[in-house]
Amino acid sequence: MIRVEGIHKWFDDFHVLQGITEHITPGEVVVVCGPSGSGKSTFIRCINRLEDVQEGKIFVEGKDVYSSDVDINQLRADVGMVFQQFNLYPHITVLKNVSLAPIKVKKMSKIEAEEIALALLDKVGIYDQAHKYPAELSGGQQQRVAIARGLAMQPKIMLFDEPTSALDPEMINEVLKSMIDLAKDGMTMIVVTHEMGFAREVAKRIFFMDYGKILEKGTPEHFFKNPQHERTKLFLREIL
Amino acid sequence: MNYDFNWMIVLTGEYRDWLIQGLVITLKISGISIVLSMILGTIITTLRMTGIKILEWITISFIEFFRNTPLLIQLFFWYFGSDAVLPDSVNQWLYAHNYEFAVGVLALTIYTSAFIAEEIRAGIISIPKEQLEASRATGLSFVQAYAYVVLPQAFRIVIPTLISQFLNLTKNSSLAMTIGVMELTYMARQIESYSFRGFEAFTVATLMYICLSLIISLCINIYNKKFLRMIKY
């Protein structure tokens with residue numbers, strides 16, 4: 001589903017990704033964790049080409065993400081993304097936030113797109129907020145709108161970039177619940193997060209990153225009970 | 001100060017009709033140029049923001065060139081020079097129609113679009129770049145992301161400065177008299193030549209400009225209040 005082959009990326013002199021090779025299979029939920037500056041956000045942003053890489057290749061469903069003849073808009077439509085800061089469009093209603101891309105990219109009729117949008121808003125539990133503007137919603141609700149917006153294109157993969165890090169503690173669970181539901185529906189997900197409860201419950205594999213490399217990977221069982229790398233042990237001691 | 005004011009001469013009869021005709025032409029040339037300069041200014045800025053070096057270079061040159069030369073020169077340039085720079089078919093069409101008016105619109109549009117492009121760019125820069133990123137991530141193309149996400153937000157921010165560009169354009173349209181567009185200033189000047197009632201004619205013309213400017217500001221402010229909702233991050 002996603003094949004990452006030896007990617008390297010530099011921000012000027014900073015070697016942020018130092019040769020990552022991975023294979024993620026359909027329906028797999030991968031949690032990426034690690035200290036800040038370890039390259040985990042950059043890593044997932046490379047998968048839908050929000051960032052360029054200087055070396056290596058990424059294939060999403062067999063399509064070379066960095067090839068010049070790939071239709072990047074089509075590819076991005078298949079890869080939903082949720083950001084730390086929600087990044088909803090503040091000038092339009094929640095319903096329009098969710099239905100914009102299906103109407104403009106998939107050329108869906110407004111009625112059909114809004115039907116799908118309402119169904120998704122219902123799924124994340126904010127059906128009744130559809131006609132409000134983002135600023136009228138709480139952080140947790142906004143992030144659930146962002147999840148609905150990501151799902152509206154019926155993507156095959158969802159990327160989450162620290163989806164709960166900007167939320168007040170009491171709102172984290174409502175967002176995690178939507179994500180757990182999604183995982184149980186069989187969505188392929190890559191989630192950058194420090195929510196270890198979430199990782200334990202739904203991750204099939206956990207990647208631990210630092211210095212632009214995946215230092216350790218494995219099942220939650222392996223990761224929490226029997227980490228091998230010193231850096232992983234230190235990290236777990238600090239956050240658990 | 002033995003001047004005998006005679007207001008009736010410009011408020012009745014033929015001279016009044018001239019002023020009204022002039023006002024209508026001023027409204028037309030300003031209205032058309034406002035719409036066209038908004039469109040052109042938006043296109044120029046969008047091209048500039050694509051990050052494609054050659055487009056960036058061309059648009060910056062365009063903006064700097066037209067912002068930094070006097071409008072009067074530009075009017076004369078297009079008026080006397082259109083023969084040389086525009087394709088024959090376009091020139092033929094212009095001569096067959098209202099040549100002076102068309103050149104007036106062309107000059108005002110290009111001149112003002114250079115300023116508007118810069119105002120809109122200031123608005124775009126103030127929109128968090130994550131907005132573009134989030135919309136591109138859903139599969140929108142660059143142009144779609146600009147059209148539906150970035151520009152609508154940027155416009156709301158720059159409306160006050162755009163108003164002053166529109167007012168400038170309306171006032172600048174008086175320069176079109178120099179190439180023979182029979183707009184308000186031209187007509188006031190005409191009345192002065194015929195009747196030596198320059199003071200009255202220009203007073204009425206001045207009041208018309210003031211009213212026009214106030215109406216433009218008012219309309220845009222109403223639009224602004226009605227549509228400026230919920231911009232918070």
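Since this is a predicted model, take the numbers as computed values, not measurements. First the proteins, then the strands, lettered A, B, ... as listed; each starts at 1.
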So with a 6.0 Å cut-off around [atom1] of [X], is the heavy-atom count from everything else above 12?
{"X": "I111(A)", "atom1": "CD1", "answer": "no"}
{"X": "Y95(B)", "atom1": "OH", "answer": "yes"}
{"X": "K9(A)", "atom1": "NZ", "answer": "yes"}
{"X": "F11(A)", "atom1": "CZ", "answer": "yes"}
{"X": "M49(B)", "atom1": "CE", "answer": "yes"}
{"X": "W10(A)", "atom1": "CH2", "answer": "yes"}

* Checking heavy atoms, do the side chain of V82(A), its backbone, both or neither come under 4.5 Å from chain B? -> neither
* To do: Let me know if Y89(A) has heavy atoms under 4.5 Å from chain B in its side chain, its backbone, both or neither.
  => both
Of all heavy-atom pairs between [X] and [Y], which one has the smallest distance, and what is that distance?
{"X": "N73(A)", "Y": "G139(B)", "answer": "CB-O, 3.2 Å"}
{"X": "I72(A)", "Y": "R136(B)", "answer": "CG2-NH2, 4.4 Å"}
{"X": "K104(A)", "Y": "L140(B)", "answer": "CB-CD2, 3.7 Å"}

* Structure fact -> By ring pair (Phe, Tyr, Trp, His ring centres under 6.0 Å), H194(A) pairs with (sequence neighbours left out) none
* Asked: How many angstroms lie between atom CG of L151(A) and atom OG1 of T138(B), to the nearest 0.5 angstrom?
  ->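 Result: 12.5 Å between the selected atoms.
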* Asked: Could you give the distance from CZ (R76(A)) to OG (S141(B)), rounded to the nearest 0.5 Å?
  -> 10.5 Å
* To do: Determine which residues belonging to residues 44-69 of chain A lie within contact range of chain B, meaning some heavy atom pair is under 4.5 Å apart, and list them by number or answer 'none'.
  =>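 Expected list: R45(A), N48(A), L50(A).
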* Under 3.5 Å donor-acceptor, Q131(B) side chain and L88(A) backbone ->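 Yes, the answer is positive, given that a donor and an acceptor are paired below the 3.5 Å cut-off.
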* Main-chain N/O of Y148(B) paired with H91(A) side-chain donor or acceptor, under 3.5 Å -> yes
* Top contributor to chain B interface from L75(A), L159(A), N87(A) [non-hydrogen pairs under 4.5 Å] ->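 Highest number of heavy-atom pairs under 4.5 Å: N87(A).
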* Asked: At a heavy-atom separation under 4.5 Å, does Q144(B) approach chain A through its side chain, its backbone, both, or neither?
  -> side chain
